[in-house]
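Heads up: the structure comes next, in structure tokens.
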Amino acid sequence: MSGYQGGTGTPMVLVHGFSANWRCWQPVIAELERHHEVYAINLAGHFEGAPWDQSVPVSVDAEVDAAERELDALGLQRAHLVGNSLGGWTVLALAARQRGLSCVALSPAGGWEAGTREEKRLRGYFMRNYRLMSMLKPSLEGLVRRPRFRALVFRDVAEHARAIPASLAVDLIRSASNCEIYEPFIDGVGSGDGFPDELAGIDCPVRIAWSERDRIIPEKRYSAKLHTLVPNAEWTVLPGV
């Protein structure tokens, strides 16, 4: 696999957010390995992940298909599924395909209606970041090693951005700037991708946990649809983050 595997116990699969890679989970992997065999996978078309199949249009559905093939290759019929943002969208969709022992979605993407102001806002946000990152790319990795600049760059990502380890900050920048499908994915967000209606029939426990101060996908604006589609989910708000 093009990610990470370690620990012992029941299998747990970690799925990162858009434009990141498996290393974003490094701060918590050691604790999770005390109870689980942990698989932190890379999404297709992302840095260090499997190349995108050019015969397949870029979409969330195709990304979920690729993640399911990764589970098959690892010999995992079911696992505890954990994902953040796009990864949260992915694990909910995988759980709907009966691949979960449990499912935890952290600030999951996809809980908006297609064509709405909320969707357009996200597309604009990510494209502005991508253009800025492209302009600063030659020097950005060095700059984010400085705590003050790191706090500026990651102010939307973390409440205490200076506390992000410099090595993780560099990896987040490197992952985003080398995400093969960055632009086509953002262009395709409004092309009809959405949660399948059968999410309500997920056959494993689901917890949806949202950061109280999420600046990218704030809960009040981006979660209403999920309350309807996953009515039996346990909802948790994470204070101060």
Side-chain angles (χ1 to χ4, degrees), residues 14-21 24-25 27-28 43 45-46 58-61 63-64 67 81-96 103-133 152-161 164 168-169 172-173 175-176 179 181-196 199 202 206-231 233-241:
L14 307 178
V15 186
H16 60 77
F18 174 62
S19 81
N21 73 359
C24 69
W25 299 103
V28 298
L43 289 171
H46 287 66
V58 174
S59 70
V60 176
D61 289 342
E63 192 69 88
V64 175
L81 305 171
V82 183
N84 170 235
S85 193
L86 172 59
W89 187 340
T90 300
V91 297
L92 286 167
L94 288 171
C103 179
V104 175
L106 303 166
S107 297
W112 56 79
E113 297 291 345
T116 60
R117 181 173 60 181
E118 283 71 24
E119 180 188 80
K120 293 175 182 176
R121 169 191 165 273
L122 277 182
R123 293 175 70 183
Y125 172 85
F126 279 105
M127 286 311 302
R128 286 193 300 273
N129 279 4
Y130 188 70
R131 295 188 188 104
L132 180 62
M133 184 170 54
L152 177 65
V153 171
F154 293 105
R155 63 184 178 183
D156 289 341
V157 176
E159 181 71 9
H160 305 286
I164 297 174
L168 179 56
L172 288 168
I173 294 296
S175 297
C179 179
I181 61 169
Y182 196 111
E183 290 184 279
F185 184 88
I186 296 302
D187 287 341
V189 163
S191 64
D193 274 340
F195 283 114
L199 278 191
I202 291 174
V206 176
R207 173 178 289 166
I208 296 176
W210 222 291
S211 302
E212 180 187 37
R213 300 177 184 174
D214 195 318
R215 297 186 183 97
I216 300 176
I217 312 178
E219 182 195 3
K220 290 182 180 179
R221 296 178 62 180
Y222 290 91
S223 67
K225 188 175 180 180
L226 288 170
H227 282 283
T228 301
L229 290 175
V230 198
E234 174 189 334
W235 285 74
T236 301
V237 174
L238 306 174
V241 294

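Scope of the values below: all heavy atoms of this structure, side chains included, with no hydrogens, waters or symmetry mates. Residue numbers start at 1 and run along the sequence shown.
Pairing each heavy atom of F126 with each of I216, the nearest pair is CZ-CG2, 4.2 Å.
Looking at C103 and I202, their side chains never come closer than 4.5 Å, going by heavy atoms from C-beta outward.
I208 CD1 to L226 CG: the interatomic distance, rounded to the nearest 0.5 Å, is 5.0 Å. The structure places CH2 of W89 at 11.0 Å from CD of E63, a figure rounded to the nearest 0.5 Å. D156 CG to Y125 OH: the interatomic distance, rounded to the nearest 0.5 Å, is 3.5 Å. To the nearest 0.5 angstrom, L92 atom CG is 9.5 Å from L229 atom CG. Separation of atoms CG (L14) and CG (L106) is listed at 9.5 Å; rounding is to 0.5 Å. One finds the CG atom of D187 at 11.5 Å from the CD1 atom of I181 (value rounded to the nearest 0.5 Å).
Checked against Y222 for a side chain to side chain donor-acceptor pair (under 3.5 Å), the options E119, E118, R121 give a single hit: R121.
With sequence neighbours excluded, the residues forming a side-chain contact (heavy atoms from CB on, under 4.5 Å) with S19 are A176, C179, Y182, listed by chain and number. Looking at residues two or more places apart in sequence or on another chain, you find a side chain to side chain donor-acceptor pair (under 3.5 Å) between R207 and E234.
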Stepwise side chain to side chain contact (heavy atoms under 4.5 Å, CB included) check, V153 with I173: CA-CA 10 Å; V153 171; I173 294 296; 4.2 Å; yes
Side chain to side chain contact (heavy atoms under 4.5 Å, CB included) between E219 and D214, worked out: CA-CA 7 Å; E219 182 195 3; D214 195 318; over 6 Å; no
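The aromatic rings of H46 and F18 lie perpendicular to each other, with more than 60° between the two planes, well past the 30° mark.
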